[in-house]
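Residue numbers begin at 1 in each chain, while the letters A, B, ... track the order of the sequences. The structure presented is a predicted model; accordingly, all values stated were derived computationally and were not measured.
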2 protein chains.
Amino acid sequence: MDQLFHALADATRRDILRRCGRGELSVSRLAEAYPMSFAAVQKHVAVLERAGLVSKERRGREQLVRTDPDAVSRARAALDELEATWRGRVDRMARLLALDSGQETDNPTRGPAR
Amino acid sequence: MDQLFHALADATRRDILRRCGRGELSVSRLAEAYPMSFAAVQKHVAVLERAGLVSKERRGREQLVRTDPDAVSRARAALDELEATWRGRVDRMARLLALDSGQETDNPTRGPAR
DNA sequence: CTAACGTACAACCAAATGGTTGTACATGAG
DNA sequence: CTCATGTACAACCATTTGGTTGTACGTTAG
């Protein structure tokens with residue numbers, strides 16, 4: 001979760017997600033679009049990749065970047081859960097949808113946060 | 001947007017959001033719940049506040065923290081927009097909903113059009 | 001009034017971020 | 001083969017982050 005939201009917390013990375021949603025793009029092509037060095041874009045892609053938002057696939061000497069739609073859905077689901085909590089819906093929903101099965105609880109209360 | 005997602009990219013802060021969704025809590029009460037100093041929690045609350053996720057209200061010598069539901073909705077909307085983009089729905093939706101009016105474009109590019 | 005409580009804020013520190021440049025190495029084009 | 005292209009990665013730097021402690025200040029309880 002941390003990595004997911006952190007990856008989304010940068011305008012350049014969000015833009016990369018948009019661009020690579022429609023059709024895959026090589027890192028070089030991406031880099032041409034931004035006012036920063038190739039290496040910097042490479043790092044942004046790496047952050048997105050670690051967060052599972054993007055996957056790379058080699059084609060010849062190029063590395064094609066493709067966004068993973070499911071990852072964003074995961075982030076959205078997390079926000080939904082958060083929203084549901086303070087709307088008091090969480091208890092009802094938990095029972096109705098049996099969310100307790102595998103839902104990430106994400107509670108740092110008893111352990112170190114970082 | 002950056003601040004919003006950045007604020008969400010920390011387990012402690014997300015937990016604070018949950019706790020302050022149901023009923024307001026003073027910063028001291030919050031601090032008791034986490035394995036860190038009062039000042040650290042204070043900073044986390046400040047980050048949430050800057051992101052507009054939370055508002056503080058003074059009651060006597062206490063400072064009550066309350067989550068703003070609309071802010072999370074904003075984040076969710078941003079993700080929806082992102083998701084819609086690479087599903088090819090964006091063009092259709094843009095026209096249908098006239099998103100071009102005031103919607104935050106969030107595009108750091110100076111290069112070729114998107 | 002005085003003491004304890006809740007808060008604010010500054011100073012400091014280690015680690016992570018976001019950027020740079022430079023170098024090395026495959027791979028495809030000519 | 002040779003060279004330009006696309007990538008990877010290390011080293012470096014300034015700034016931000018997330019945490020600490022310490023100090024100061026207003027407010028409430030006794």
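Exactly one residue among B/Arg14, B/Arg76, B/Arg74, B/Arg18 makes a salt bridge (Lys or Arg N to Asp or Glu O under 4.0 Å) with A/Glu83. That residue is B/Arg76.
Nearest nucleotide to the A/Gln63 side chain, out of D/dG19, C/dT21, D/dT7: D/dT7. Candidate nucleotides D/dA8, C/dT7, C/dG19 were compared by shortest atom distance to the side chain of B/Ser28, and C/dT7 ranks first. Picking from C/dG6, C/dT20, D/dT7 the nucleotide with the shortest atom distance to the side chain of B/Arg61 gives C/dG6. Listed nucleotides: C/dT21, C/dG6, D/dT7. Nearest to the side chain of A/Ser37: C/dT21. When distances run from any side-chain atom of A/His44 to the nucleotides D/dT7, C/dT7, C/dG19, the shortest one goes to C/dG19. When each of C/dT7, D/dT7, C/dA29 is scored by its nearest atom to the side-chain atoms of B/Ser26, the top-ranked nucleotide is C/dT7.
OP1 or OP2 of D/dG18 sits under 4.0 Å from a side-chain N or O of B/His6. For A/Lys56 and D/dG6, the shortest distance from a side-chain N or O to OP1 or OP2 is not below 4.0 Å. OP1 or OP2 of D/dT7 has not a single side-chain nitrogen or oxygen of A/Gln42 nearer than 4.0 Å.
Sequence order on DNA chain C of the closest nucleotides to A/Ala40 and A/Gly60 puts A/Ala40 first from the 5' end. Nearest-nucleotide positions on DNA chain C place B/Arg58 closer to the 5' end than the other of A/Arg59 and B/Arg58.
Atom CG of A/Leu64 is separated from atom P of D/dT7 by 8 Å (rounded to the nearest Å). What separates CG of B/Asp10 from C1' of D/dG19 is a distance of 11 Å, to the nearest Å. Remark: C1' of C/dC25 and CZ of A/Phe38 are 13 Å apart, rounded to the nearest angstrom. The nearest whole Å value for the distance from the CD1 atom in A/Ile16 to the C1' atom in C/dG18 is 13 Å. Taking atom CE of residue A/Met36 and atom C1' of nucleotide C/dG19, one finds them 9 Å apart after rounding to whole Å. Atom-to-atom, CZ of B/Arg14 to P of D/dG18 comes out at 12 Å; the value is rounded to the nearest Å. Atom NZ in A/Lys43 sits about 12 Å away from atom C1' in D/dA14, given to the nearest Å. For the pair A/Arg29 CZ and D/dT7 C1', the computed distance is 15 Å after rounding to whole Å.
Checked by atom type and distance alone, the side chain of B/Thr67 pairs as donor or acceptor with a backbone atom of B/Leu17 at under 3.5 Å. A/Arg13 contributes no side-chain N or O that, together with a main-chain N or O of A/His44, makes up a donor-acceptor pair within less than 3.5 Å.
As judged by a 4.0 angstrom heavy-atom cut-off over every strand, B/Arg13 is placed among residues touching the sugar-phosphate backbone only.
B/Arg19 forms a cation-pi arrangement with B/Tyr34, by the criterion of a distance under 6.0 Å to the ring centre and an angle within 45° of the ring axis.
Hydrophobic clustering of Ile, Leu, Val, Met, Phe, Trp and Tyr side chains at less than 4.5 Å, counting indirect connections, unites A/Leu79 with A/Leu8.
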